[in-house]
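Ligands are counted one by one from 1 in listed order, and the atoms in each one are counted from 1 as well.
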Amino acid sequence: MVLYPVIRQLLERRVVLASASPRRQDILTNAGLRFEVVPSRFKETLRKAAFPTAYAYAMETAKQKALEKDLRTPDIVIGADTVVVAEGEILEKPVDKPDAYRMLSRLNGKEHSVFTGVAIVRCSCKDGRLDADVSEFHEETRVRFSQLSEELLWEYIHSGEPLDKAGGYGIQALGAMLVEHIHGDFFNVVGFPLNRFCKELAKLYCPPRPEDVQRVKHDSIPSVDTFENLSDVESDGSSQCGARVGGGPPQPPGMKNTKDRDPNPTVESLPPMGLLQLINGFKASKALFTACKMKVFDSLRDEAPLSALEIARKIDASEHGTGQLLDVCAAFGLLEKTERGYSNTDLASLYLLSDGEYSLHGFIMRNNDLVWPLFSHLEFAMREGTHQLHRVLGTMGKHLFQDFHYGSQEKRQQFMAAMHSLINVAARQVATAFDLSQFTSACDLGGCTGTLAHELARQYPGLKVTVFDLPDVIKDAKCFQPDGPETARVSFVPGDFFRDTYPEADLYIVCRVLHDWPDNQVHQLLSRISSSCKPGGGLLVVEMLLDEEKRENQGALLQSLNMLVQTMGRERSLGEYRHLLEMHGFTDVRAVYTGSAVDVVLATRA
Ligand code: SAM
């Protein structure tokens with residue numbers, strides 16, 4: 001395909017780049033394109049949750065940038081938006097150094113994707129009316145970071161480079177030293193997929209000659225690969241990604257534009273991929289839970305690759321069923337499948353082994369054994385407006401923890417294992433979200449296994465932490481004690497936070513505690529904390545934060561529903577916490593959105 005001549009064709013036209021990014025300008029200038037830069041004032045505030053995929057979000061942002069109204073009519077406007085996506089979450093530009101640290105830690109030692117959405121808007125004036133024809137596409141490049149030391153990450157953050165870069169790094173400069181390898185277009189990571197852009201332009205401005213099309217005619221059904229080529233060459237010049245303003249939904253990955261396959265386009269009648277994923281989401285969760293429960297990942301810890309039959313024997317299951325579950329796990333990126341058999345991916349080794357350092361096994365088992373059946377009673381919870389523990393556990397009672405979650409020693413230990421496994425993966429981000437070095441004593445109310453307390457003691461050598469929890473929990477907490485000198489600064493005190501006097505401290509912590517209780521008990525707790533806290537002392541609230549309008553953060557909204565079915569509480573937004581905390585004498589309420597399982601709010605006692 002001719003790439004360079006298409007740039008030459010544009011020399012006579014008025015081309016506008018709707019982006020202030022100097023990196024994009026460099027790439028296009030070096031390619032020989034002449035253009036004016038009219039930076040877009042479009043604020044990148046589209047609701048990410050409204051898009052089924054990260055690339056759809058990037059494409060829409062690019063289109064909105066390119067479609068700004070008050071430009072003097074150019075021939076072509078180019079808009080672009082680059083996003084970094086790690087484990088399904090879009091990472092924006094970091095707001096400060098701790099935020100950059102959070103992002104880079106997420107990328108460290110792992111693979112992530114960089115998507116650039118590009119919109120090419122061709123403008124024309126007909127009867128005094130501006131007509132805009134929009135072609136959009138996106139390009140993905142996969143980037144793998146080396147396993148980097150903390151020192152190196154901080155050295156890089158202190159260089160100042162991460163702060164204006166999506167995902168917190170710039171591959172074209174110092175950030176190159178973080179990257180082990182990439183798969184895809186390098187320029188796409190820098191901010192503009194030049195090669196694909198030229199191909200798309202060529203489709204728009206250099207339609208293939210009929211004799212070229214003839215050469216790729218097929219006598220039989222072409223292979224999947226050749227279908228790709230066919231759609232490139234036989235395109236009618238309106239681009240396979242082309243869409244009029246306000247046209248149909250973006251094409252889900254792997255689906256061809258219906259126009260290429262069907263003379264009577266029915267794109268609107270296809271359910272969007274996001275909806276299908278939503279419908280099927282429960283199957284994915286259950287497949288993961290089952291693989292964990294049947295110890296599929298454990299079976300591959302010491303010996304791999306293994307065939308489906310070998311794994312089936314180890315986990316005492318049928319070969320047929322095991323093979324199907326293994327393939328699903330491989331498709332999710334949890335297992336690697338080769339002709340020699342299956343092995344754990346890094347993701348599975350880190351999080352899914354039952355005894356790994358960052359194992360989520362306890363949390364997954366709680367989801368399988370309790371949360372799953374609770375969610376199947378969601379309809380009752382909606383009608384009754386309360387938890388469904390009695391229906392699932394078969395016991396009645398009025399004390400949330402004593403009667404339900406801690407109904408037997410086994411249940412209590414399962415609960416504690418689940419709490420430990422989830423907070424363990426987020427503890428460092430929680431402990432470092434704010435600089436807490438001015439505090440010398442902290443008390444973690446409902447601190448359970450002491451997992452966060454140990455991390456705080458590790459991060460702040462001048463800090464002593466007391467874990468305050470119900471007596472039975474304190475008795476069992478020693479099973480979760482890590483090794484390390486900081487354990488000497490962590491102590492455990494039994495008590496009831498609704499009745500007993502709190503240990504003295506200049507920082508109080510409530511981590512995933514307030515969301516368990518109805519408003520009246522939240523007020524009771526905050527009032528007791530406020531009375532114990534000295535002026536100038538701190539309160540750290542650790543919870544998943546909802547966005548103020550309660551329509552964006554899917555994870556937190558689902559977690560709130562989760563609270564409905566298994567406690568008497570709910571999640572809240574920063575504004576709601578600020579209001580609550582100020583009512584109880586706290587001021588200077590600030591939050592860090594960690595992007596992990598929980599966010600962190602810090603307030604000062606006035
Ligand atoms: N903070 C821990 C974490 O994030 O992993 C545990 C959170 S768990 C959802 C709530 C904790 O509050 C449990 O450890 C529970 O035992 C404790 N708790 C519940 N009621 C309590 C009470 N009346 N007094 C003290 N602790 C209580």
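- Contacts of L422 with ligand 1, taken as heavy-atom pairs under 4.0 Å, are absent altogether.
- Scanning the protein heavy atoms around atom 5 (O) of ligand 1, the nearest turns out to be R512 NH2, 2.7 Å.
- G446 O, 3.4 Å is the protein heavy atom nearest to atom 6 (C) of ligand 1.
- Ring pair F480/H420 is tilted by interplanar angle, where 30° to 60° counts as tilted.
- Within the listing of ligand 1, atoms 13 (C), 14 (O), 15 (C), 16 (O) sit less than 4.0 angstrom from a heavy atom of Y406.
- For the ring pair (Phe, Tyr, Trp, His ring centres under 6.0 Å) with F468, the qualifying choice from F497, Y502, F498, F492 is Y502, the only one to do so.
- Across all their heavy atoms, V522 and L514 have their closest contact at CG2-O, 3.5 Å.
- Identified under the ring pair (Phe, Tyr, Trp, His ring centres under 6.0 Å) test for residues 433-464, with sequence neighbours left out: none.
- Counting heavy atoms under 4.0 Å from ligand 1, residue F497 touches it through both backbone and side chain.
- Both the backbone and the side chain of L470 come within 4.0 Å of ligand 1, counting heavy atoms alone.
- Side-chain rings of Y169 and F145 approach one another, their centers coming within less than 6.0 Å.
- For the ligand labelled ligand 1, residue Y502 lies outside the 4.0 Å heavy-atom shell.
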